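Just the heavy atoms: all of them, side chains too, but no hydrogens, waters or symmetry mates, feed the values below. Quick caveat, the model's predicted, so the values are computed rather than measured.
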Amino acid sequence: QVQLVESGGGLVQPGGSLRLSCTTSGFALRSRPVSWFRQAPGKEREAVSTISISQGSTYYADSVKGRFTISGDNAKSMVYLKMSNLKAENTAVYYCAAALLTASWGGYWTDSSRYTYWGQGTQVTVAS
């Protein structure tokens with residue numbers, strides 16, 4: 001049974017940092033790309049970042065490039081999202097999700113319909 005569980009959210013001041021964790025089970029991390037999405041109140045869910053360990057690739061939304069870093073630990077079945085220089089507009093529920101391995105993943109990763117499994121989300125609030 002595939003499961004993804006997010007943790008690490010919380011309240012942080014603008015300019016601060018957080019590291020989100022996604023604990024995966026039921027599949028080998030190398031077999032599926034895993035991504036982070038977020039959804040702010042009143043807004044659509046948006047793709048933040050993805051990692052494909054098998055393809056050795058990571059991708060980021062333009063809005064987070066240079067501030068967020070995604071990483072994965074295949075042995076621990078964990079995916080992390082290190083977020084730095086956080087801004088109020090980063091406030092959202094953050095979800096991790098796993099998709100089927102797809103060639104040229106960089107061209108598809110933002111499409112939420114490609115993800116089969118989702119976690120329950122973790123709240124990130126950036127406020128002073």
Quick check: closest heavy atoms across [X] and [Y], and the distance to 0.1 Å?
X      : Y      : value
Arg38  : Ser63  : NH2-OG, 3.5 Å
Ser17  : Lys82  : CB-CE, 4.0 Å
Arg67  : Asn85  : NH1-O, 2.9 Å
Ala47  : Thr110 : CB-CA, 3.7 Å
Ala40  : Ala92  : N-CB, 3.8 Å
Trp118 : Tyr95  : CE3-CB, 4.0 Å

Test item: Val79 and Trp36 side chains (from C-beta on) under 4.5 Å apart, heavy atoms: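 Val79 reaches Trp36 side chain to side chain.
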So do the side chains of Asn90 and Met83 get within less than 4.5 Å of each other, counting heavy atoms only?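 Contact flag for Asn90/Met83 side chains = no.
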With no hydrogens and no angle check, is any side-chain donor or acceptor of [X] less than 3.5 Å from a backbone partner on [Y]?
X     : Y      : value
Gln3  : Thr23  : no
Ser49 : Tyr59  : yes
Thr24 : Ser77  : yes
Thr91 : Val126 : yes

Just verifying a value: how many Å separate [X] [atom1] and [Y] [atom2], rounded to the nearest 0.5 Å?
X     : Y      : atom1 : atom2 : result
Gln55 : Thr102 : CD    : OG1   : 8.0 Å
Tyr94 : Arg45  : OH    : CZ    : 13.0 Å
Cys22 : Leu81  : SG    : CG    : 10.5 Å
Ile70 : Cys96  : CD1   : SG    : 9.5 Å
Phe27 : Leu4   : CZ    : CG    : 5.0 Å
Asn74 : Arg30  : CG    : CZ    : 5.0 Å

Can Leu100 and Arg114 be said to form a side-chain contact (heavy atoms from CB on, under 4.5 Å), step by step? CA-CA 7 Å; Leu100 291 175; Arg114 291 187 170 269; over 6 Å; no
Among the clusters formed by ILVMFWY side chains lying less than 4.5 Å apart, do [X] and [Y] turn up in the same one?
X      : Y     : answer
Leu86  : Leu20 : yes
Val124 : Val48 : yes
Tyr80  : Phe68 : no
Val64  : Ile51 : yes
Leu11  : Leu18 : no

Could you go step by step and tell me if Ser52 and Leu101 meet the side-chain contact (heavy atoms from CB on, under 4.5 Å) rule? CA-CA 8 Å; Ser52 172; Leu101 188 59; 4.0 Å; yes
Verdict with reasoning, Phe37 to Tyr115, per ring pair (Phe, Tyr, Trp, His ring centres under 6.0 Å): CA-CA 11 Å; Phe37 285 77; Tyr115 293 82; 4.9 Å; yes
Less than 3.5 Å apart, any donor N or O on the side chain of Ser57 or Trp105 sitting next to an acceptor on the other?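 Judged by distance alone, the side chains do not pair up.
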One pair to check against side-chain contact (heavy atoms from CB on, under 4.5 Å): Val93 and Glu6. What are the steps and the verdict? CA-CA 10 Å; Val93 178; Glu6 303 91 340; over 6 Å; no
Output, in order, the C-alpha distance, side-chain angles, deciding distance and verdict of side-chain contact (heavy atoms from CB on, under 4.5 Å) for Met78 and Ser21. CA-CA 7 Å; Met78 298 287 293; Ser21 299; 3.7 Å; yes
Is the number of heavy atoms from other residues, nucleotides or ligands under 6.0 Å of Tyr108 OH greater than 12?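 For Tyr108, atom OH is not crowded (no more than 12 foreign heavy atoms under 6.0 Å).
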